[in-house]
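The structure appears below as structure tokens.
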Amino acid sequence: YGQAVACHLNVVASTSGGRRFARVEALISKISVVVPTRNRAASLQLALAPLSHSGFEVIVANNGSTDLTSDVVSSASAREVVVERPSAAAARNAGAQASTGRTIIFMDDDIRATPATIATLAATADREDAWVVATLEPPAPVRSSPLHRWRAARDDFIPQSVITEISWYQSGLSAMPRSLFDDIGGYDESFPGAGLEDIDLAVRAREHHQRIVFSSNVAPCTTTMQARTSKRSGDERAPAPRRRSGWQNSIPMILRRSW
């Protein structure tokens with residue numbers, strides 16, 4: 001995996017118009033993958049498997065799990081950061097704070113991403129100096145369901161190019177230079193559960209004149225059926241919508257005042 005990722009990064013650097021990296025291996029060591037999780041040991045094991053020998057720094061932010069999450073993290077040779085207070089935002093912030101990479105990758109515990117996908121995301125974030133959002137794709141049984149087909153038909157987001165600037169953000173699988181993350185202070189931990197903190201982050205990133213882009217050169221990453229089709233006991237996280245209109249972007253500010 002380590003050599004495969006190095007070769008992939010070399011191809012990305014030489015064919016995408018960006019600067020060529022002098023030492024690809026050094027870049028790999030500067031990529032940190034942060035995976036927040038809560039009582040999802042089985043799903044987490046699947047998510048970590050492709051990355052166990054990638055050469056990336058992999059940090060699992062254990063958000064108060066009571067299952068076998070710690071055992072899964074240890075067997076995958078990843079690093080564990082424990083965050084007791086149930087909060088997706090707090091877990092992501094703690095994982096980012098514990099990481100050392102120049103580029104941070106946030107990956108949900110129900111995502112199956114290859115090292116090549118992570119490498120492409122990191123290289124794009126570095127080249128574009130922007131937050132980069134990847135495509136998330138449910139497994140085949142979910143894609144064929146009537147509900148998913150209906151939702152897909154209503155989705156009016158169509159990428160205009162390989163790199164499309166967007167106004168929304170979802171942290172299911174995303175990348176950004178650490179400098180951008182630090183500049184806005186990370187996620188707002190005042191939001192409970194998950195979802196709203198993504199919208200708020202997009203608002204604050206734009207206020208700081210940071211770019212958020214959708215990269216269509218990153219292969220769609222598969223999510224697990226369990227994670228995206230049902231609400232899990234003890235886990236309030238839910239995927240953020242793919243697109244937000246202008247008035248919806250004000251919702252986090254309103255809710256923050258009500259709390």
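Note that the structure is predicted; figures quoted are calculated from it, not measured.
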Are [Y] and [X] connected in a single hydrophobic cluster, I mean Ile/Leu/Val/Met/Phe/Trp/Tyr linked by side-chain heavy atoms less than 4.5 Å apart?
X	Y	value
Ile184	Ile212	yes
Ile59	Met107	no
Ile104	Val83	no

ring-ring contact (aromatic ring centres under 6.0 Å, His included): pairs with one or both residues in [range], sequence neighbours excluded:
range	result
residues 60-85	none
residues 58-110	Phe106-Phe181, Phe106-Tyr187
residues 63-83	none
residues 59-96	none

Do you know the tightest heavy-atom contact between [X] and [Y]?
X	Y	answer
Ala90	Arg85	CB-NH2, 3.6 Å
Leu48	Val73	CD1-CA, 4.4 Å
Ser70	Asn62	OG-ND2, 3.7 Å
Gln170	Ala134	NE2-O, 3.6 Å
Leu173	Ala113	CD2-CB, 4.2 Å
Tyr169	Met176	OH-CE, 4.0 Å

Between [X] and [Y], is any pair of side-chain heavy atoms under 4.5 Å apart?
X	Y	value
Leu196	Ile199	yes
Thr103	Pro177	no
Leu180	His208	no
Phe56	Pro115	yes

Side chain to side chain donor-acceptor pair (under 3.5 Å) against [X], all qualifying residues, sequence neighbours excluded:
X	value
Ser87	none
Gln45	none
Asp183	Gln210
Asp67	Thr69

Could you grab the distance from atom [atom1] of [X] to atom [atom2] of [Y], nearest 0.5 Å is fine?
X	Y	atom1	atom2	result
Glu84	Ser65	CD	OG	9.0 Å
Ile105	Ile118	CD1	CD1	5.0 Å
Leu201	Arg92	CG	CZ	9.5 Å

Identify, with sequence neighbours excluded, every residue that meets salt bridge (charged side-chain N to carboxylate O under 4.0 Å, His left out) alongside Arg211.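 Salt bridge (charged side-chain N to carboxylate O under 4.0 Å, His left out) check on Arg211 returns Glu128, Glu165.
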Within the 3.5 Å criterion, strictly below it, is a donor on [X] or [Y] matched to an acceptor on the partner's side chain?
X	Y	result
Asp198	Ser171	yes
Thr117	Thr120	no
Glu57	Ser99	no

According to side-chain contact (heavy atoms from CB on, under 4.5 Å), who are the partners of [X], at least two apart in sequence or on a separate chain?
X	value
Asp71	Leu68
Ala91	Pro36, Ala61, Asn63
Ser75	none

Keeping the roles fixed (side chain from [X], backbone from [Y]), state whether a donor-acceptor pair exists under 3.5 Å.
X	Y	value
Asp188	Ser190	yes
Arg204	Gly185	no
Arg178	Gly101	yes

Show, in sequence, the C-alpha distance, side-chain angles and deciding distance for Val81 and Gln97, and conclude whether the side-chain contact (heavy atoms from CB on, under 4.5 Å) test is met. CA-CA 10 Å; Val81 175; Gln97 185 176 7; over 6 Å; no
Test side-chain contact (heavy atoms from CB on, under 4.5 Å) on Leu46 and Asp109 and set out the steps. CA-CA 8 Å; Leu46 295 175; Asp109 60 8; over 6 Å; no
